[in-house]
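Worksheet: one structure, shown below.
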There are 6 protein chains.
Amino acid sequence: MIYITRRERFNAAHRLFREDFTDAKNLEVFGKCSNPNWHGHNYELYITVKGIINKQTGFLVNLKRLSKMIRMHVIDKLDHKNINLEVEFMQGKLASTENLAVGIWHELEPFIHELDTELHCVKVVESENNHVEFYGN
Amino acid sequence: MIYITRRERFNAAHRLFREDFTDAKNLEVFGKCSNPNWHGHNYELYITVKGIINKQTGFLVNLKRLSKMIRMHVIDKLDHKNINLEVEFMQGKLASTENLAVGIWHELEPFIHELDTELHCVKVVESENNHVEFYGN
Amino acid sequence: MIYITRRERFNAAHRLFREDFTDAKNLEVFGKCSNPNWHGHNYELYITVKGIINKQTGFLVNLKRLSKMIRMHVIDKLDHKNINLEVEFMQGKLASTENLAVGIWHELEPFIHELDTELHCVKVVESENNHVEFYGN
Amino acid sequence: MIYITRRERFNAAHRLFREDFTDAKNLEVFGKCSNPNWHGHNYELYITVKGIINKQTGFLVNLKRLSKMIRMHVIDKLDHKNINLEVEFMQGKLASTENLAVGIWHELEPFIHELDTELHCVKVVESENNHVEFYGN
Amino acid sequence: MIYITRRERFNAAHRLFREDFTDAKNLEVFGKCSNPNWHGHNYELYITVKGIINKQTGFLVNLKRLSKMIRMHVIDKLDHKNINLEVEFMQGKLASTENLAVGIWHELEPFIHELDTELHCVKVVESENNHVEFYGN
Amino acid sequence: MIYITRRERFNAAHRLFREDFTDAKNLEVFGKCSNPNWHGHNYELYITVKGIINKQTGFLVNLKRLSKMIRMHVIDKLDHKNINLEVEFMQGKLASTENLAVGIWHELEPFIHELDTELHCVKVVESENNHVEFYGN
């Protein structure tokens, strides 16, 4: 069993808030992240897949194909977007890094099998000081 | 003459567009950066000041005071904000990294003299692939 | 189950040596790290906690509160300190990165439950070439 | 149980191809990496070992000795070399990062026990966007 | 006057040697870098241009166009190539980082004017420990 | 004229204080950095030299020789040392990053000419947030 990780990046705007909270309550719970005019991040995404090395190619997975798949199913939906307003898989959810990692897992996981490999970890880095990891359950 | 550089960081949303352009024209000129729903970045700011080492302290400048000054005059105005809508010194200007660097220079420069030093460079890093430097003229 | 990691930093002096060793023996076992006049590092600390996402907030844990807790129980005791002389939880132990990681775990773990989450990993980075991880047992 | 990681680096040339493939087929499967004139990388190698802290030294392992062992058994065989032509433990294998990680494990593992510790992970970073991890099975 | 820098990357193989030197002499002067079977690097290229901010766009230069230009005139000629054998603008020159920086300047400079800006610096990073800068004279 | 930069690293302890100040005054001026029991840093040192490319070698300077020279005249005096107590060229000076950069210049500059090149810049990085540059006057 070998693990390979591909990094991709996206820039997005978001806001942490609940519609059923007052502005004051949102500020108390979410701090500056609740700013109604949005703020944003350079997100880094690390996708780790695992499996057996293909004897024919020496690869676990063709990284070009993995990268293309991540871009099609994840990056194109998030890059230069507003996570609250424009990202379908985040609708009805708080735009936290935690929910983002779980959402990205569910967008990507059904397609990873086409590469004869298995999704192991979705890691989302929001800043040099914070990151989230999700292993699927 | 010695140069000392302090790094600070801010996260913000922005959009590149002109009101007098159609959406199609904005897309053509500014690409994905013109998204009407905003996107955002983790910006890094490097402020370099220069001058003579103070014999009493061994410092060019007290970095705590420099950091506090940068936060008061620059970071607090930008962090977790929408650059187009909420940053006074960027009003009426395109929210490009170039204009941001020039704007930050003009916000900070009048106060740097209180530290008996001189502003040398404002460097704004928008992503690992792009950064801008402004030396005041 | 989701994992979130917070990075904090501290600068400290230390020395690796045993009082029951001669200087020559200390030099043999601990090399330059046994210098009686101390040396020091910029340490990076990565604290990973795990648990279930809170549906109300979209968070596993409020990162402001986690950061505050790490600073109160760990960083304030280590930052700009001499690990051998001034850090209570390291008394009677060799000031190695390994012992530091274990010591930090025991300082922090009893309080992490207040955040309705569980401590998963303490990672201490001593330099770009060396780091230690401790998972609690 | 504690985990300690040592980073070492090597620069090498390589090529991904199969002798039983035509050039066109190699290009199709391996892309630019099949260039017959070679290309190369700055590889980063992270070796993680695990075990019990030695009470006498406060160490899991003497990092100088670990570093020396990695250099002798791995780095000296790879650094400033052509992986396809000059690295004995890679003969008859595709020079992929996956095979490199597995090969390094088998070169290093028999010697790690001399340090009274156990090999946990071999991580090979080929670029800022790609890395591979192998845990021994 | 404002300065903007774009980073691009390429992976390449090379060898430092003189045909008029014996192997022993090459080894003496160029060390491990003279290995006849090549070695390689992940190179980072930082291109800095300077000029006046365009009032219409807020840009010094459209970074998409700058990036495309660097790729066409520099990266496509170097990436996944053997610098000694396959890079036309390096023929007859030693494949040192110094000569590479000068060569890249001359490949790129004639085209930079199309972007109404001026080439300021070519910086080539060969490893985390070494980099070269060339300012055109 | 070409510029080449070599990075070296050292770990050291230091303390910022004046003997003619009271402890309270030292704390006021130098903050936590005045801790009588020392603290420390992982310092990064970037040495930039400039000159003409040697046609015979393609080098501005042999980096092995430059590295060796920096180690002999600078790193060996600072690494795993106490800057206040053990570094001769810092005696009688405040152990600030500014004074360190100037001191390193004067230690190194007389020898750089042996390499047929000229010292251009000494850059000392004390932490990811602070660094100092000295150009010799």
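So that the names make sense, note that chain A is the first sequence line, chain B the second, and so on, each numbered from 1. Being a predicted model, the structure only gives us computed values, none of them experimental.
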Between D:Ile52 and D:Ile2, is the side chain to side chain contact (heavy atoms under 4.5 Å, CB included) condition met? List the steps.
CA-CA 6 Å; D:Ile52 306 298; D:Ile2 200 139; over 6 Å; no
Side chain to side chain contact (heavy atoms under 4.5 Å, CB included) between A:Val124 and A:Ile104, worked out
CA-CA 9 Å; A:Val124 181; A:Ile104 289 168; 4.1 Å; yes
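For the ring pair (Phe, Tyr, Trp, His ring centres under 6.0 Å) test, no residue two or more places apart in sequence or in another chain qualifies with D:Phe89.
Only one option out of D:Leu108, D:Ile47, D:Val74 pairs with D:Met69 in a side-chain contact (heavy atoms from CB on, under 4.5 Å); it is D:Leu108.
Looking at A:Leu60, the atoms closer than 4.5 Å to chain D (heavy atoms on both sides) sit in the backbone and in the side chain alike. For a residue to count as touching a neighbouring chain, one of its non-hydrogen atoms must lie under 4.5 Å from one of that chain's; by this rule A:Val61 touches chain D with the backbone only. Residue D:Phe30 touches chain A through its side chain alone, counting heavy-atom pairs closer than 4.5 Å. For chain D, the nearby part of A:Ile53 is the side chain; its heavy atoms alone come within less than 4.5 Å.
Nearest approach of A:Val122 to A:Ala101, heavy atoms of both residues: CG1-O, 3.6 Å. Between A:Ala12 and A:Leu78 the shortest heavy-atom distance is CB-O, 3.6 Å.
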Extract the chain D to chain A donor-acceptor pairs under 3.5 Å, no hydrogen or angle test applied.
unit_1   : atom_1 : unit_2  : atom_2 : d
D:Arg18  : NH1    : A:Gln56 : O      : 2.8
D:Ser96  : OG     : A:Gly58 : O      : 2.6
D:Glu98  : OE2    : A:Leu60 : N      : 2.7
D:Glu128 : O      : A:Arg7  : NE     : 3.4
D:Glu128 : OE2    : A:Arg7  : NH2    : 3.0
D:Asn129 : O      : A:Arg7  : N      : 2.9
D:Asn129 : OD1    : A:Arg7  : NE     : 2.9
D:Asn129 : OD1    : A:Arg7  : NH2    : 3.1
D:Asn130 : OD1    : A:Arg6  : NH1    : 2.7
D:His131 : N      : A:Thr5  : O      : 3.2
D:His131 : O      : A:Thr5  : N      : 2.8
D:His131 : NE2    : A:Thr5  : OG1    : 3.2
D:Glu133 : N      : A:Tyr3  : O      : 2.7
D:Glu133 : O      : A:Tyr3  : N      : 3.0
D:Asn137 : O      : A:Met1  : N      : 3.3

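With chain A as the partner, the residue from D:Leu94, D:Leu16, D:Val29, D:Val102 showing the most heavy-atom pairs under 4.5 Å is D:Leu94.
Two residues are said to be in side-chain contact when any heavy atoms from C-beta on lie closer than 4.5 Å; D:Leu63 and D:Ile4 meet this criterion.
Between the CD1 atom in D:Ile75 and the CD1 atom in D:Ile70 there is a gap of 7.5 Å [rounded to 0.5 Å].
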